[in-house]
Amino acid sequence: MTLQQEIVGNAMQMAVVSLQPGQTVYCEAGKFLFKTTNVTMETRLTGPSNGQQPQGGGSTGAGMGGMLRQAMGTAMQVGQRVLAGESLAFQYFTSQGGEGTVGFAGVLPGEMRALELDGTRAWFAEKDAFVAAESTVDFGIAFQGGKTGMKGGEGFVLEKFTGHGTVIIAGAGNFIDLNPADFGGRIEVDTGCVVAFEEGIQYGVQRVGGLNRQGMMNAVFGGEGLSLATLEGSGRVILQSLTIESLANALKKAQGGDKQGPTGGLFSTHAG
């Protein structure tokens, strides 16, 4: 059953989802806006698994072994999200007795996008991009290991979506869709500009210039720090025009608390 949704608004968009009777959509805690009274809301620690909506209670026929496996699976899911800095819980919305409506939004001024999964390709998104999805879409965490993870900053933890159905993501500022294949097979971007990309795109991180005078000038005064994200291959890539770090620095400057100073990226400080 296709998820009927409409993305409305300009500077701060929202997704208005129409649910058919018995249809379920879930979101990350904190992304819900409103619902009609015939839509039930339930908060759970687990996300959908293998395209099946998780049940609220354990099955008595499964015995202690089944209950233990269920508890261990829940603990692993929650533990992964804690390590990733994600919300601990999901909220599930199901329409009862007729068509229902639910509204969702991201947490920053910017765009939203509905991605359609057909089961052939997964989608990866930056941490906190996820807004809502059908219960037939599986939500997971993908850790970038090794050198990519150590150097990647925002790209160390990615959200992974598999299965069939609609998933709604959000970002900051405006979106631009690119395919690295149209630009010689590779593009280089600020690590904070990556919103999402299809499976088949290789994500990596490279140093900005060498360990020489120009490389240090790029890092210190260029505002990018020491690394850039690289995206290679053929597939859809979604970038955002506003990064969380640039928004935080603009707010600090407006409040008279800018600590970035004249040296820019390498020595800039984050909010908090």
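Numbers for residues simply follow the sequence, beginning at 1. Atom set for the values below is all heavy atoms of this structure, side chains included, hydrogens, waters and symmetry mates excluded.
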List the steps, then state whether side chain to side chain contact (heavy atoms under 4.5 Å, CB included) holds for Glu42 with Gln91. CA-CA 6 Å; Glu42 183 180 358; Gln91 292 177 303; over 6 Å; no
Applying side chain to side chain contact (heavy atoms under 4.5 Å, CB included) to Ile176 and Ser241, what does each step give before you reach the verdict? CA-CA 8 Å; Ile176 181 171; Ser241 62; over 6 Å; no
Quick one, Ser95 with Gln23, criterion side chain to side chain donor-acceptor pair (under 3.5 Å). Give me CA distance, side-chain angles, the key distance, then yes/no. CA-CA 6 Å; Ser95 182; Gln23 190 175 21; over 6 Å; no
Between Glu232 and Arg186, is a salt bridge (Lys or Arg N to Asp or Glu O under 4.0 Å) present by the stated rule, with each step listed? CA-CA 4 Å; Glu232 300 181 77; Arg186 175 187 174 106; 3.3 Å; yes
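Under a hydrophobic-cluster definition in which Ile, Leu, Val, Met, Phe, Trp and Tyr are linked whenever side-chain heavy atoms come within less than 4.5 Å, directly or via other members, Val25 and Met41 are assigned to the same cluster. Transitive grouping of hydrophobic side chains (ILVMFWY, heavy atoms separated by less than 4.5 Å) keeps Phe32 and Met14 in distinct clusters. Transitive grouping of hydrophobic side chains (ILVMFWY, heavy atoms separated by less than 4.5 Å) keeps Val16 and Ile7 in distinct clusters. Residue Val8 is not grouped with residue Met112 when hydrophobic side chains (ILVMFWY) are merged at heavy-atom distances under 4.5 angstrom, including chains of intermediate members. When the side chains of ILVMFWY residues are joined at heavy-atom separations under 4.5 Å, either directly or via intervening members, Phe34 and Val17 end up in two distinct hydrophobic clusters.
Between Ala122 and Thr162, the shortest heavy-atom contact is CB-CG2, 3.6 Å. Counting all heavy atoms, side chain and backbone alike, Ala105 lies closest to Leu33 at CB-CD1, 3.6 Å. Nearest approach of Ala170 to Gly106, heavy atoms of both residues: CB-CA, 4.0 Å. Between Gly235 and Ile201, the shortest heavy-atom distance links the atoms N-CD1, 3.6 Å. Considering every non-hydrogen atom in both Val131 and Lys31, the closest pair reads O-CB, 3.9 Å. Nearest approach of Gly163 to Leu117, heavy atoms of both residues: O-CB, 3.4 Å.
Judged by distance alone, with hydrogens and angles left aside, the side-chain atoms of Gln202 form a donor-acceptor pair with the main-chain N or O of Gly200 at under 3.5 Å. At least one donor-acceptor pair under 3.5 Å links the side chain of Thr40 to the backbone N or O of Thr94. With hydrogens and angles disregarded, no donor-acceptor distance shorter than 3.5 Å links the side chain of Asn174 to the backbone of Gly110. Using modelled atom types, one side-chain atom of Tyr26 and one backbone atom of Val137 make a donor-acceptor pair closer than 3.5 Å.
Between Asp177 and Leu239 the shortest side-chain heavy-atom distance does not fall below 4.5 Å. A heavy-atom distance below 4.5 Å is not found between the side chains of Gln240 and Glu111. The side-chain heavy atoms of Val205 and Thr230, taken from C-beta on, include no pair separated by under 4.5 Å. Side-chain contact check for Val194 versus Glu126: every heavy-atom pair is 4.5 Å or farther apart. Between Leu231 and Tyr203, some side-chain heavy-atom pair lies under the 4.5 Å cut-off.
Because its NZ or CZ atom is both nearer than 6.0 Å to the ring centre of Tyr92 and within 45° of the ring axis, Arg44 counts as a cation-pi partner of that residue.
With rounding to the nearest 0.5 angstrom, the CD atom of Glu159 is 6.5 Å from the CG atom of Asp128. Interatomic distance, CH2 of Trp123 versus CD of Glu116, reported as 11.0 Å (0.5 Å rounding). Between Cys193 atom SG and Leu228 atom CG the span is 10.0 Å, to the nearest 0.5 Å. Rounding to the nearest 0.5 Å places CD1 of Ile169 at 7.0 Å from CZ of Arg113. Considering OG1 of Thr24 and CG of Leu19, their distance stands at 7.5 Å, rounded to 0.5 Å. Note: Arg121 CZ to Phe197 CZ = 12.0 Å, rounded to the nearest 0.5 Å.
Heavy-atom neighbours of Lys35 NZ from other residues, nucleotides or ligands within 6.0 Å: above the threshold of 12.
Note: Phe130 and Phe139 have tilted aromatic rings, judged against thresholds of 30 and 60 degrees for the angle between ring planes.
Inspection of the Ser18 and Thr101 side chains reveals no N or O donor paired with an N or O acceptor under 3.5 Å.
Taking the ring centroids of Phe124 and Phe161, they lie at or beyond the 6.0 Å cut-off.
Residues in residues 5-15 take part in no side-chain hydrogen bond (donor to acceptor under 3.5 Å, both in side chains) pair, two or more places apart or across chains.
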